[in-house]
Amino acid sequence: MLLLNHPKTGESLEINEFWLRDHCRCGECLNLETNQRRYDLLDLPVDVRALESKYILEKFFVQWSDGHQSSYDLDFIFDSQLERVIRRRSKSTSLTPWNRSIVLQNERHLRFSLPQLVATDEVVKSLVASLVRYGIVFIDDVAPTPTMTELALRCVFPLMKTFFGEMWTFSDKQDHADTAYTKLYLGSHTDNTYFCDAAGLQALHCIEHSGGTGGENFFVDGLHVVHELRRRFPPAYEVLCRVQVPGEYIEEGEHHCFTAPIIRVDPLSGDFVQLRLNVYDRGVFDTVPQSEMADFYDSLRQLLQIVREEQQQWSLKMLPGSIVLFDNWRVLHGRQAYTGRRTMSGAYVQRTDFLSKARVLGIIE
Ligand SMILES: C[N+](C)(C)CCCC[C@H](N)C(=O)O
Ligand SMILES: O=C(O)CCC(=O)C(=O)O
């Protein structure tokens with residue numbers, strides 16, 4: 001281990017010498033164009049040691065036992081340590097958990113129009129920032145067609161292709177073996193619990209609803225609900241962060257399964273990462289012994305009861321011309337049963353593409 005003392009802050013740090021050698025930022029070790037390391041880890045001697053080291057202002061210079069010379073920004077070294085990473089991660093993405101009254105107070109921050117979106121990158125950045133903070137935004141003034149829906153979405157994100165399609169349009173026509181392709185009620189849920197990687201975002205645009213009633217959508221902030229569960233029922237929170245729940249989707253030519261906890265938290269910070277909640281698309285629940293079933297179902301019921309609380313639900317009738325775009329890892333969505341002819345168009349966005357865009361725009365780390 002190598003003891004570092006930051007000349008400016010006075011902070012000290014014990015560093016593993018192999019880690020430090022492996023994080024040399026020079027052009028010989030790191031392809032500065034691709035940000036990839038140029039060497040195989042096995043090329044570095046396991047017993048590499050710092051023979052000499054010195055500070056010059058904010059730089060730290062090392063002469064290594066394998067003959068290599070490195071110079072480091074001291075802030076790079078200190079900022080790359082676990083406790084600082086955790087501290088930054090908890091602070092950096094300032095999220096606003098919401099219930100109905102909170103989201104209605106902030107609705108002005110959630111609405112964007114397609115002409116604005118097309119006109120300036122600043123509006124795109126604001127939309128992505130609101131999507132990170134609140135988990136839901138609207139793009140208004142979009143002609144109610146799949147083509148214009150796609151154009152609007154592609155102004156911000158690439159689309160995720162699944163067996164439903166890249167852009168999809170659905171009604172009560174049974175194009176897929178799923179309740180979404182009916183007129184029936186759908187309780188609050190997140191999509192794709194049966195995919196290894198659930199869509200990061202989901203967009204829905206009601207391009208037509210005629211000759212009938214119902215079909216209102218409702219949205220619930222899973223981040224707020226999970227915080228409430230942890231506050232009100234800590235044992236249930238622990239169970240739902242631990243117990244693996246199988247998701248499953250079966251139709252002709254498709255059979256998707258994925259098993260994971262309903263609540264996923266960051267292993268370092270414990271912060272909320274994802275809510276995988278879909279009581280419909282569940283496979284056979286076979287991941288705990290029968291002796292633990294009662295605890296699990298009690299915990300799941302406690303979560304669902306909070307989800308179903310009136311004050312959590314933001315209910316609105318999606319009208320032609322307005323796209324809702326929400327975080328499918330956080331915000332639950334549902335639909336009232338309906339009559340008449342109702343056609344929805346929309347798309348998914350991969351989680352990694354959502355986060356990459358937010359990172360490139362400097363909204364998250
Ligand atoms: C959105 N779209 C209509 C294409 C598909 C709906 C898939 C619904 C599925 N039960 C799930 O929750 O993932
Ligand atoms: O029809 C709707 O408005 C939503 C359908 C739905 O929940 C889904 O496709 O996951």
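In this chain, numbering begins with 1 at the start of the sequence shown. Read the numbers this way: they start at 1 and go in the same order the structure lists the ligands and their atoms.
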Query raised in the report: Heavy-atom contacts under 4.0 Å between M318 and ligand 2: side chain, backbone, both, or neither?
Result: neither

Query raised in the report: Hey, does the side chain of Y348 reach the backbone of A198 with a donor-acceptor pair shorter than 3.5 angstrom?
Result: no

Query raised in the report: Does Y280 approach ligand 1 within less than 4.0 angstrom via side chain, backbone, both or neither, non-hydrogen atoms only?
Result: neither

Query - Per-residue contact class, Q202 against ligand 1 - non-hydrogen pairs under 4.0 Å - result: side chain

Query raised in the report: Is it the side chain, the backbone, both or neither of D178 that has a heavy atom closer than 4.0 Å to ligand 1?
Result: side chain

Report task. Report, in ascending order of atom number, the atoms of ligand 1 lying under 4.0 Å from any heavy atom of N278. Result -> 11 (C), 12 (O)

Query raised in the report: Can we call the ring centroids of H256 and F163 under 6.0 Å apart?
Result: yes

Requested in this report: Return the residue, atom name and 0.1 Å-rounded distance of the protein heavy atom closest to atom 11 (C) of ligand 1.
Outcome: D281 OD2, 3.2 Å

Report task. Please say whether D191 places an N or O atom under 3.5 Å from an N or O atom belonging to ligand 1. Result -> yes

Query raised in the report: When you measure from atom 8 (C) of ligand 2 to every protein heavy atom, which one gives the shortest distance, and what is it?
Result: H333 NE2, 3.6 Å

Report task. Without swapping roles, check the side chain of D266 against the backbone of D271 for a donor-acceptor pair under 3.5 Å. Result -> no

Query raised in the report: How far is atom 9 (O) of ligand 2 from its nearest protein heavy atom, and which residue and atom is that?
Result: A180 CB, 3.7 Å

Query raised in the report: Distance-only, no hydrogens or angles: does the N278 side chain make a donor-acceptor pair with backbone N or O of T190 under 3.5 Å?
Result: yes

Requested in this report: Please check if atom CG in D40 has more than 12 non-hydrogen atoms from other residues, nucleotides or ligands closer than 6.0 Å.
Outcome: yes

Query - Side chain, backbone, both or neither: the part of H189 lying under 4.0 Å from ligand 1 by heavy atom - result: side chain

Requested in this report: Would you indicate which of Y348, Y249, F164 comes nearest to atom 1 (C) of ligand 1 when only heavy atoms are counted?
Outcome: Y348

Query raised in the report: Would you call R100 and D221 a salt bridge, using N to O less than 4.0 angstrom?
Result: no

Query raised in the report: Is any NZ, NE, NH1 or NH2 atom of the basic residue among E228 and R231 found under 4.0 Å from an Asp or Glu carboxylate oxygen of the other?
Result: yes

Report task. Would you check whether F195 reaches within less than 4.0 Å of ligand 1, judged by its heavy atoms? Result -> no

Query raised in the report: Within the structure, does W168 bring an N/O atom to less than 3.5 angstrom of an N/O atom in ligand 1?
Result: no

